[in-house]
Amino acid sequence: MKKNAPAVFAPGGQNLCKACGGIMEPVAVWVRKGGEWAIIHRCKRCGKLSSNRVAADDNPMKLMSIAMKPLCSPPFPLDYIEEMTALMGGDGRMR
């Protein structure tokens with residue numbers, strides 16, 4: 001792991017927060033310049049965020065699951081999509 005990495009690996013592969021020792025959980029992925037993916041982790045104890053590049057042995061299905069989470073659980077009820085589309089000038093119908 002890099003010297004300046006914000007989290008350290010504990011025995012058993014658990015990611016621990018350097019600030020408080022809390023467990024870091026993956027909450028999102030993002031794409032770095034050049035197309036490399038990175039995982040954003042949030043500490044369950046203090047809320048600190050950190051970013052670590054994706055490793056070759058990371059589970060691709062788990063990464064896709066993390067990436068899709070915001071689309072599967074939007075911050076509004078899915079029933080409002082038709083109404084919002086109509087308000088934005090579309091016909092509002094789901095196809």
Side-chain angles (χ1 to χ4, degrees):
M1 179 153 283
K2 295 179 190 173
K3 183 178 176 185
N4 63 351
V8 294
F9 285 100
Q14 238 356 315
N15 241 355
L16 298 181
C17 178
K18 278 190 172 181
C20 73
I23 294 173
M24 301 292 283
E25 69 175 340
V27 295
V29 294
W30 68 286
V31 181
R32 293 179 171 184
K33 200 182 270 190
E36 180 184 45
W37 278 33
I39 304 171
I40 297 173
H41 292 83
R42 179 177 41 226
C43 177
K44 287 182 162 186
R45 186 183 293 167
C46 71
K48 181 176 173 66
L49 296 174
S50 69
S51 175
N52 293 333
R53 57 184 278 231
V54 170
D57 62 345
D58 284 339
N59 182 329
M61 292 305 291
K62 197 75 160 151
L63 293 171
M64 290 304 293
S65 173
I66 295 166
M68 294 298 297
K69 192 173 183 178
L71 298 174
C72 297
S73 302
F76 52 84
L78 290 175
D79 298 343
Y80 289 162
I81 290 178
E82 288 185 37
E83 182 181 339
M84 290 187 301
T85 303
L87 290 171
M88 293 182 341
D91 63 15
R93 287 181 284 160
M94 300 283 280
R95 298 179 208 270

Distance-only donor-acceptor pairs under 3.5 Å for side chains of residues 57-66, two or more places apart:
{"unit_1": "Asp58", "atom_1": "OD2", "unit_2": "Ala55", "atom_2": "N", "d": "2.8"}
{"unit_1": "Asn59", "atom_1": "OD1", "unit_2": "Met61", "atom_2": "N", "d": "2.8"}
{"unit_1": "Asn59", "atom_1": "OD1", "unit_2": "Lys62", "atom_2": "N", "d": "3.3"}

Residues Gly22 and Cys43: closest non-hydrogen pair is CA-SG, 3.8 Å

If you round to the nearest 0.5 Å, how far is CG of Leu49 from CE of Met24?
-> 7.0 Å

Qualifying residues under side-chain hydrogen bond (donor to acceptor under 3.5 Å, both in side chains), relative to Trp37, sequence neighbours excluded | none

Could you tell me which non-hydrogen atom of Cys17 sits nearest to which non-hydrogen atom of Lys48, and how far apart they are?
-> SG-CD, 4.0 Å

What are the two closest non-hydrogen atoms of His41 and Pro26, and how far apart are they?
-> CD2-N, 3.6 Å

Going by heavy atoms in the side chains, are Ile23 and Leu16 under 4.5 Å from each other?
-> yes

Determine the minimum heavy-atom distance between Ala38 and Arg32, stating which atoms define it.
-> CB-NE, 3.5 Å

Whichever hydrophobic residues join Leu71 through chains of side-chain contacts under 4.5 Å | Met68

For Asn52 and Asn15, what are the C-alpha separation, side-chain angles and deciding distance, and is it a side chain to side chain contact (heavy atoms under 4.5 Å, CB included)?
-> CA-CA 11 Å; Asn52 293 333; Asn15 241 355; 3.9 Å; yes

If you measure from OG on Ser50 to NZ on Lys18, what distance do you get to the nearest 0.5 Å?
-> 10.0 Å

Give the cluster check for Val27 versus Ile39: same hydrophobic cluster or not, with ILVMFWY residues linked at side-chain heavy-atom distances below 4.5 Å.
-> no

CD-CZ distance between Glu36 and Arg53, expressed to the nearest 0.5 angstrom = 5.0 Å

